[in-house]
*Asks:* 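Structure below; questions to follow.
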Amino acid sequence: MAVLRCTLTLLLLTLVLGVNKAKSQSFIGVNYGQVADNLPSPAATAKLLQSTSIQKLRLYGSDPAIIKALANTGIGIVIGTANGDIPALASDPNFAKNWVNTNVVAYYPSSKIILINVGNEVIMSGDNNLISQLLPAMQNVKNALDAASLGDKVKVSTVHSMALLKQSEPPSSGCFDPSFGDVLKGLLAFNNATGSPFEINPYPYFAYRSDPRPETLAFCLFQPNSGRVDANTKIKYMNMFDAQVDAVRSALNAMGFKNVEIVVAETGWPYKGDSEEVGPSIENAKAYNGNLIAHLRSMVGTPLMPGKSVDTYLFALYDEDLKPGPTSERSFGIFKSDLTMTYDIGLSQSSQTPVETPAMPKAPVTPSSQPKKAAWCVPKAGVSDAELQASLDYACGHGIDCSPIQPGGACFEPNTIASHAAYAMNLFYQTAGRNPWNCDFSQTAMLSSNNPSYNGCTYPGVST
């Protein structure tokens with residue numbers, strides 16, 4: 001099973017490096033916005049990042065103090081050019097060369113710069129002059145990197161808004177706005193030729209704001225829900241993040257760029273908002289970011305890109321108190337300016353406490369409502385592989401020990417989603433408190449008095 005093989009590879013790698021589970025997860029990054037007047041020092045920020053499992057930092061500019069502070073940390077650094085620099089970068093190769101020399105060559109390789117973003121959401125800016133100069137600017141930056149012998153080490157791309165898609169539901173019908181077709185073809189041809197990623201900013205938070213139903217919230221927060229079936233592929237999606245990313249995958253495939261990889265440049269959830277704002281709360285932000293990290297760590301991937309985790313940059317490291325707009329715009333920070341956590345989503349290397357999101361909302365239960373002979377949690381008959389995979393992903397991403405169902409483990413055989421999910425769902429139930437709601441999994445599991453253990457594979461349970 002791909003997810004388990006990839007998870008085992010990750011675990012073996014961390015053991016070889018002599019670090020714990022939190023480290024060596026290169027798919028977890030974070031955005032560092034600087035529209036604020038109370039940010040910690042660059043040195044303090046570098047020290048904070050080294051205490052977490054965050055392996056990449058995205059800057060919107062190229063602040064030399066931050067780049068220097070991250071020297072010799074091994075943290076990958078993404079830097080960006082201002083949208084206003086695009087005309088000069090496009091028209092003057094020497095300007096591009098000077099920019100690269102000043103912002104990359106001066107610090108590389110001590111500071112591990114891995115990607116340059118030429119502008120941010122340029123296509124949706126509505127500035128046709130800027131849009132027409134985006135590709136030439138990227139080409140000149142790439143040429144400057146090649147001249148400095150860094151072309152194969154530092155990639156060049158640009159970041160796009162999800163608004164670039166004309167259609168995103170169902171995911172299989174994802175397509176870009178045809179009015180940007182010619183521009184996108186040029187940019188994607190560049191991505192394809194240079195091996196750079198297509199960067200996108202999916203925000204399930206905004207999807208929930210436009211459809212604030214309870215079932216939409218659960219779908220957006222990676223919490224148990226009934227799922228959404230793609231009528232074209234019959235794939236059942238269990239969370240909005242996968243659906244949005246796969247819509248982008250479909251759009252890229254439709255344009256003939258199946259080999260261009262996707263990077264999630266921004267995604268997050270605000271923990272505070274104004275009274276009229278729907279969605280912002282500590283609980284929701286912790287659930288979204290924490291469950292997203294668990295999803296990435298599971299290595300399940302998305303239905304259209306299984307078995308690997310898309311590089312994902314959380315938004316954001318700190319609040320940006322000088323941003324205009326509603327309170328939510330200033331309330332995305334995972335850490336506070338005093339370097340303490342706004343909420344714990346298991347990023348610390350010293351603590352891998354899973355995010356506390358129940359398998360279903362708790363309700364008052366009397367002792368008699370749980371049959372004493374029902375000692376194991378097992379999948380119901382007829383549950384689809386997609387639903388079982390979602391349950392496996394959820395359970396293994398929430399702190400339980402899934403090593404017995406990894407290759408070589410006592411419960412790896414039979415190597416099926418059904419068998420692996422059954423073991424994980426039961427272990428989650430046993431360790432989460434043995435409450436009825438811990439064996440719900442969107443109504444796909446039930447309690448049983450029959451011990452499912454077999455041939456040396458022991459399912460934890462209570463003998464009655």
Side-chain angles (χ1 to χ4, degrees), residues 30-31 33 35-36 121 124 159-171 174 200-229 236-248 264-295 312-336 341-345 355-363 390 394 437 440 442:
V30 70
N31 285 271
V35 187
E121 298 190 352
M124 300 311 299
V159 178
H160 303 283
S161 162
M162 281 291 288
L164 198 60
L165 273 72
K166 181 182 180 181
Q167 184 170 337
S168 60
E169 294 183 14
I200 195 75
N201 295 339
Y203 275 90
Y205 163 65
F206 292 118
Y208 172 63
R209 272 202 338 188
S210 65
D211 180 19
R213 295 175 298 160
E215 54 267 37
T216 303
L217 182 61
F219 189 66
C220 289
L221 296 181
F222 297 86
Q223 292 173 333
N225 62 89
S226 58
R228 298 183 181 182
V229 177
K236 177 179 279 193
Y237 283 84
M238 302 306 295
N239 66 80
M240 181 67 79
F241 179 84
D242 282 357
Q244 290 185 332
V245 172
D246 272 1
V248 176
V264 173
E266 279 184 30
T267 191
W269 199 287
Y271 66 86
K272 183 172 61 176
D274 296 321
S275 58
E276 68 275 12
E277 291 190 88
V278 177
S281 72
I282 287 278
E283 182 182 25
N284 288 348
K286 179 178 179 179
Y288 177 72
N289 286 316
N291 287 335
L292 171 58
I293 290 171
H295 184 54
T312 300
Y313 292 79
L314 303 174
F315 188 86
L317 185 59
Y318 304 119
D319 286 343
E320 295 178 87
D321 66 327
L322 298 183
K323 270 192 168 182
T327 297
S328 60
E329 285 293 312
R330 297 178 292 280
S331 307
F332 277 86
I334 297 169
F335 291 92
K336 300 177 183 178
M341 293 180 286
T342 307
Y343 46 85
D344 187 0
I345 50 175
V355 58
E356 297 175 1
T357 52
M360 66 176 287
K362 290 188 178 182
Y394 182 86
W437 55 84
D440 179 78
S442 300

*Asks:* Could you tell me which non-hydrogen atom of Val159 sits nearest to which non-hydrogen atom of Ala265, and how far apart they are?
*Replies:*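 Looking at all heavy atoms of both residues, the shortest contact is CG1-CB, 3.8 Å.
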
*Asks:* Please find out if less than 6.0 Å separates the ring center of Phe315 from that of Phe332.
*Replies:*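 So the answer is yes for these two rings.
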
*Asks:* Are any non-hydrogen side-chain atoms of Tyr203 and Trp269 less than 4.5 angstrom apart?
*Replies:*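 The answer is no; the side chains never approach within 4.5 Å.
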
*Asks:* Using only atom types and a distance under 3.5 Å, with no angle test, would you say the side chain of Asn284 pairs donor to acceptor with the backbone of Pro280?
*Replies:*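 No; zero donor-acceptor contacts below 3.5 Å.
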
*Asks:* Rounded to the nearest 0.5 Å, how far does NZ of Lys336 lie from CG of Leu317?
*Replies:*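 Reported value, rounded in 0.5 Å steps: 14.0 Å.
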
*Asks:* With a 4.5 Å limit on heavy-atom distance, are the side chains of Gln244 and Met162 in contact?
*Replies:*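 Counting from C-beta outward, Gln244 and Met162 do come under 4.5 Å.
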
*Asks:* Starting from the C-alpha separation in whole Å, work towards a yes-or-no answer on side-chain contact (heavy atoms from CB on, under 4.5 Å) for Val264 and Asn201.
*Replies:* CA-CA 6 Å; Val264 173; Asn201 295 339; over 6 Å; no

*Asks:* Is it true that a side-chain atom of Asn225 and a backbone atom of Met238 form a donor plus acceptor pair closer than 3.5 Å?
*Replies:*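 Here the side-chain-to-backbone pair exists.
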
*Asks:* Given side-chain contact (heavy atoms from CB on, under 4.5 Å), test Arg209 with Glu277 step by step and report yes or no.
*Replies:* CA-CA 8 Å; Arg209 272 202 338 188; Glu277 291 190 88; 4.2 Å; yes

*Asks:* So, Glu320 side chain and Val35 main chain: donor-acceptor pair closer than 3.5 Å or not?
*Replies:*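 Answer holds: yes.
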
*Asks:* Taking Arg330 for the side chain and Lys323 for the main chain, is one N or O donor matched with an acceptor at less than 3.5 Å?
*Replies:*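 Judged by distance alone, yes, a pair lies under 3.5 Å.
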
*Asks:* Between OG of Ser161 and CE of Met124, what distance do you get to the nearest 0.5 Å?
*Replies:*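 Here the interatomic distance stands at 5.5 Å.
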
*Asks:* Any donor and acceptor pair, going by atom type alone, linking the side chain of Asp274 with main-chain N or O of Glu276 inside 3.5 Å?
*Replies:*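 No; judged by distance alone, with no hydrogens or angles, the pair does not exist.
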
*Asks:* Tell me whether Lys236 at atom NZ has more than 12 heavy atoms from other residues, nucleotides or ligands lying less than 6.0 Å away.
*Replies:*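 Yes.
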
*Asks:* Report the residues that fulfil ring pair (Phe, Tyr, Trp, His ring centres under 6.0 Å) with Phe219, sequence neighbours left out, ordered by chain and then residue number.
*Replies:*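 Counting only residues at least two positions away or on another chain, Phe219 forms no ring pair (Phe, Tyr, Trp, His ring centres under 6.0 Å).
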
*Asks:* Ignoring hydrogens and geometry, is there a side-chain-to-backbone donor-acceptor pair from Thr342 to Ile334 under 3.5 Å?
*Replies:*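 Looks like yes, one N/O pair under 3.5 Å.
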
*Asks:* Once rounded to the nearest 0.5 Å, what's the spacing between atom NZ of Lys286 and atom OG of Ser281?
*Replies:*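 So the NZ of Lys286 and the OG of Ser281 are separated by 11.5 Å.
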
*Asks:* Would you please test Asn291 and Gln223 for side chain to side chain donor-acceptor pair (under 3.5 Å) and show each step?
*Replies:* CA-CA 8 Å; Asn291 287 335; Gln223 292 173 333; over 6 Å; no

*Asks:* Please give me the minimum heavy-atom distance between Ser328 and Pro270, naming the atom from each residue.
*Replies:*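 Shortest heavy-atom separation between Ser328 and Pro270 comes out as O-CB, 3.7 Å.
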
*Asks:* For Tyr205 and Thr267: C-alpha separation, side-chain torsions, deciding distance, then whether side chain to side chain donor-acceptor pair (under 3.5 Å) applies.
*Replies:* CA-CA 9 Å; Tyr205 163 65; Thr267 191; over 6 Å; no

*Asks:* Determine, stepwise, if the pair Phe222 / Tyr288 fulfils ring-ring contact (aromatic ring centres under 6.0 Å, His included).
*Replies:* CA-CA 7 Å; Phe222 297 86; Tyr288 177 72; 5.8 Å; yes

*Asks:* Output yes when a side-chain donor or acceptor of Thr216 lies under 3.5 Å from a complementary backbone atom of Pro212, and no otherwise.
*Replies:*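 No, Thr216 side chain to Pro212 backbone: no donor-acceptor pair under 3.5 Å.
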
*Asks:* Does the Asn239 side chain pair with the main chain of Phe241, one donor and one acceptor, at a distance under 3.5 Å?
*Replies:*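 It does hold such a pair.
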
*Asks:* Using a 4.5 Å cut-off on heavy atoms from C-beta on, say whether the side chain of Pro202 contacts that of Val248.
*Replies:*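 Of all side-chain heavy-atom pairs linking Pro202 with Val248, none is under 4.5 Å.
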
*Asks:* Just verifying a value: how many Å separate Leu164 CG and Ile200 CD1, rounded to the nearest 0.5 Å?
*Replies:*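 If we round to the nearest 0.5 Å, Leu164:CG and Ile200:CD1 are 6.0 Å apart.
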
*Asks:* To the nearest 0.5 Å, how far apart are OH in Tyr343 and CD1 in Ile282?
*Replies:*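 Here the interatomic distance stands at 7.0 Å.
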
*Asks:* Would you check if the side chain of Gln167 reaches a backbone N or O of Glu169 as a donor-acceptor pair within less than 3.5 Å?
*Replies:*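 Yes, Gln167 side chain to Glu169 backbone: donor-acceptor pair under 3.5 Å.
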
*Asks:* Would you check, one step at a time, whether the test side-chain contact (heavy atoms from CB on, under 4.5 Å) holds for Tyr313 with Val30?
*Replies:* CA-CA 4 Å; Tyr313 292 79; Val30 70; 6.0 Å; no

*Asks:* To the closest 0.5 Å, what do you measure between NE2 (His160) and CG (Leu165)?
*Replies:*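 His160 atom NE2 to Leu165 atom CG measures 11.0 Å (nearest 0.5 Å).
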
*Asks:* Please walk me through it: do Asp319 and Tyr271 pass side chain to side chain donor-acceptor pair (under 3.5 Å)?
*Replies:* CA-CA 10 Å; Asp319 286 343; Tyr271 66 86; 2.3 Å; yes

